[in-house]
Amino acid sequence: MASEKMTEENNVRDQINILKEQLNYHAHRYYLLDDPEIPDAEYDRLFRRLETLEQQYPDLATLDSPTQRVGGQILEHFKQVAHQIPMLSLSNAFSEQEIFDFAQRIDDLLEHENFNIVAEPKLDGLAISLRYEQGILVQAATRGDGQTGEDVTQNVRTIQSVPLKLINNDYPQVLEVRGEIFMPKGGFKKLNEIQLKNGDKAFANPRNAAAGSLRQLDSRVTASRPLAMYCYALGLVEGEHADNPIKTTHSDILQQLQHWGLSVSPEIKRLENCQQCIVYYQNIMQRRSDLPYEIDGVVFKVDSIAQQQKAGFISRAPRWAIAYKFPAEEAITRLMGIDVQVGRTGALTPVARLKPVFVGGVTVTNATLHNQDEIDRKDIRIGDTVIVRRAGDVIPEVVGPVLSRRPENTAPYILPDHCPVCGSVAERVDGEAKSRCTGGLYCPAQRKEAIKHFASRKAMDIDGLGDKLVEQLVEAGLIHDVSNLYQLSLKQISALERMGPKSAENLIQAIENSKLTTLSRFIYALGIREVGEATALALANYFKTLTAIQLATEEELQEVADVGPIVAHHIVTFFAQTHNQEVLTKLLGAGIHWPKIFIKDKDALPLAGKTVVLTGSLAVMARNEAKAKLIELGAKVSSSVSKKTALVIAGEKAGSKLTKAQELGIEIMDEAQMLELFNQG
Ligand code: IVH
């Protein structure tokens with residue numbers, strides 16, 4: 001019995017040692033190198049695991065454990081600063097239930113007094129304490145371990161949103177203000193561009209960039225970095241001004257800080273109940289990607305200072321506040337394999353097959369790896385533990401491997417030099433990111449994709465001819481190219497697996513119906529590289545007939561707005577291929593036709609010669625469709641607003657382009673007015 005217990009303890013000791021080693025390694029990368037290797041959520045998981053083991057086996061808890069030191073390490077180079085009032089951390093909540101529990105706890109602690117809550121964004125930067133004496137900024141210190149931080153005064157003085165002198169003269173003799181220093185997203189993007197241009201490493205995220213920028217020994221470097229600060233709490237206050245003593249609620253204090261020239265987040269709201277807290281959380285989560293800075297949750301605080309005091313603290317966190325965190329956008333999982341997909345134009349796309357992982361609110365099982373360069377740049381290998389990121393509605397991406405967890409005997413991944421479907425050579429043309437199968441329509445994968453595209457809604461719109469059916473038809477050897485669709489018999493279709501007689505008849509009818517189309521749809525359906533819906537429409541409107549397009553030279557094609565040299569080259573190449581000419585003849589022979597486009601006087605079109613910009617999101621009409629219609633009405637559609645712009649169509653959430661149009665006095669329409677114009681046109 002005793003020896004069994006010993007072995008168990010030894011096992012736990014080993015586990016604890018491994019966890020400590022891992023946590024120290026990752027804390028060093030995070031706090032000292034500003035270059036974390038694993039997502040925060042993974043660090044937290046390891047940390048909690050260690051905490052749990054130490055709670056279960058208190059004898060095994062040692063003073064050198066990372067659990068004994070919450071927060072950052074102090075760098076040698078900066079002077080240390082003892083915080084007279086410690087800088088606290090916050091308890092976290094991850095579910096609505098935990099917010100209800102929080103409110104219930106407050107209610108109990110306050111013996112059922114009424115209370116208000118202030119909701120604030122949880123800024124993803126680093127905490128700082130500013131000290132003003134007689135209104136002058138005399139010291140700025142990082143949080144450090146909460147008790148002692150680093151003196152970064154010289155660096156903080158370079159931040160524009162931190163006043164060097166308070167305004168309005170009615171401030172206390174000593175005022176300590178706490179807040180968050182962060183790097184706005186726009187500035188972060190620019191900084192990383194500069195870093196890469198100079199051959200320096202890009203920062204992983206705005207928080208690391210902010211931390212790295214603040215810890216510069218040369219404050220000129222900090223001055224060149226786009227940092228900002230929002231204040232959210234008071235520290236030590238001495239010698240209050242008789243005319244303007246410190247206010248008694250958190251929300252009023254924040255107002256007061258603004259009165260003294262300090263910045264406060266514009267998103268802060270005073271709320272009355274739990275339900276409003278949940279709504280605030282959901283609302284800001286939805287707008288998260290539109291905010292100009294990163295946030296990782298919201299913070300709820302009891303508004304009344306007297307009530308805060310009544311509620312008190314537990315160890316290092318106040319009982320009167322809680323951080324409701326957003327679901328983690330990054331997680332780690334294993335890369336089980338890499339599949340190679342072949343697209344319509346033969347492009348080979350490597351796709352990561354992942355061990356299913358819950359991230360950003362969904363389970364992710366695969367993610368595109370784009371191309372060879374991307375895989376090389378990230379050094380992603382099969383068998384790696386990888387970081388997967390899914391932010392908002394953005395498609396999931398593999399950020400990179402966790403090198404310290406790379407198994408032995410892995411090898412760099414190299415895309416096959418032959419098409420995995422048809423075995424033809426795969427080539428990579430200079431200057432292109434993707435390699436392509438050279439099999440053309442001999443390759444069943446390309447054939448299937450070309451047929452799916454041909455039949456799709458915006459092309460020939462063959463109802464009922466879905467992806468699965470196309471695959472069946474190609475695999476059964478019934479279709480080699482799109483023209484064979486028009487030779488299919490009812491008997492052949494009915495013979496397919498899972499195909500009822502009624503569906504077969506419907507399909508034959510749909511194929512028949514597709515024969516009457518428009519010239520632009522037909523051109524789009526051909527699947528010429530880089531010729532999307534809008535380009536197809538522009539070509540049809542300009543040249544009016546298929547023959548004219550077929551005969552056009554690259555120079556003539558470039559007369560069409562939207563068509564540059566590359567697209568023009570693709571078009572000419574497409575029509576020059578004998579195989580394509582044969583298919584075209586067969587398609588037209590099968591009876592595909594379209595109404596003639598009347599040669600209208602171009603100048604008579606309602607938007608003739610006008611440059612139009614579409615911005616914001618449209619609620620009713622698809623963006624591409626709107627663009628196509630505008631072109632049809634004679635407009636030149638551009639993406640940037642300038643003096644040359646004649647009209648701006650502003651959908652919902654239109655931003656800087658709309659503002660610019662207003663400044664320039666350009667005509668502006670909303671979506672409804674645009675639709676009205678289309679109706680008239
Ligand atoms: S209040 C007494 N408010 O979160 C409470 N903190 O986990 C002290 N943070 O170190 C913090 N936004 O760096 C507070 N609106 C906000 C915040 C915020 C971000 C950070 C801060 C702090 C950490 C606590």
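Counting convention: from 1, in listed order, for ligands and their atoms alike. Remember, predicted model here, so these are calculated numbers, not experimental data.
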Counting heavy atoms under 4.0 Å, the part of Lys301 that contacts ligand 1 is side chain

Side chain, backbone, both or neither: Leu90 near ligand 1, heavy atoms under 4.0 Å
both

Is Lys122 in polar range of ligand 1, meaning some N or O pair under 3.5 Å apart?
yes

Have a look at ligand 1 and work out which part of Arg178, if any, has a heavy atom under 4.0 Å from it: side chain, backbone, both or neither.
neither

Can you tell me how far NZ of Lys269 sits from CD of Glu267, rounded to the nearest 0.5 angstrom?
6.5 Å

Applying a heavy-atom cut-off of 4.0 Å, say which part of Ala323 lies close to ligand 1: side chain, backbone, both or neither.
neither

For Glu120, the ligand 1 atoms with a heavy-atom partner under 4.0 Å come out as 3 (N), 15 (N), 16 (C)

Quick test: of every protein heavy atom, which one is nearest to atom 8 (C) of ligand 1, and how far off is it to 0.1 Å?
Leu88 O, 4.0 Å

Using a strict threshold of under 4.0 Å (side-chain N to carboxylate O), is an ion pair present between Arg270 and Glu120?
no

Atoms of ligand 1, numbered as shown, that sit under 4.0 Å from any heavy atom of Ala127:
10 (O), 13 (O)

Would you mind checking if Arg131 and Asp151 are paired as a salt bridge, meaning a charged N to carboxylate O distance below 4.0 Å?
no

Return the closest protein heavy atom for atom 20 (C) of ligand 1 as residue, atom name and distance.
Glu180 OE1, 3.5 Å

Are the charged groups of Arg105 and Asp107 less than 4.0 angstrom apart, N to O?
no

CG on Leu191 to CG on Leu227, rounded to 0.5 Å
9.0 Å

Can you say whether the rings of Tyr230 and Phe182 are parallel (under 30°), tilted (30 to 60°) or perpendicular (over 60°)?
tilted

Please report whether ligand 1 has a polar contact with Leu123, defined as an N or O pair separated by less than 3.5 Å (distance criterion only).
yes

Could you go step by step and tell me if Tyr57 and Glu8 meet the side-chain hydrogen bond (donor to acceptor under 3.5 Å, both in side chains) rule?
CA-CA 11 Å; Tyr57 298 88; Glu8 189 189 313; 2.4 Å; yes

Would you mind checking which non-hydrogen protein atom is closest to atom 11 (C) of ligand 1, with the distance to 0.1 Å?
Tyr232 CE1, 3.9 Å

Out of all atoms in ligand 1, which are within 4.0 Å of some heavy atom of Pro121? Include the element for each.
12 (N), 15 (N)

Do the charged groups of Lys20 and Glu54 touch, with an N to O distance under 4.0 Å?
no

As an exercise, identify every atom of ligand 1 less than 4.0 angstrom from a heavy atom of Arg143.
10 (O)

Honestly, for Pro318 the part within reach of ligand 1 (heavy atoms, under 4.0 Å) is side chain

Run the salt bridge (Lys or Arg N to Asp or Glu O under 4.0 Å) test on Glu330 and Arg390 for me, step by step, so that the C-alpha distance in whole Å, both residues' side-chain angles and the decisive distance to 0.1 Å come before the verdict.
CA-CA 7 Å; Glu330 286 189 352; Arg390 183 182 177 273; over 6 Å; no

Less than 4.0 Å is my threshold; does some heavy atom of Gly179 fall inside it relative to ligand 1?
no

Could you walk me through whether Glu133 and Gln173 pass the side-chain hydrogen bond (donor to acceptor under 3.5 Å, both in side chains) test, one step at a time?
CA-CA 6 Å; Glu133 289 178 9; Gln173 284 165 11; over 6 Å; no

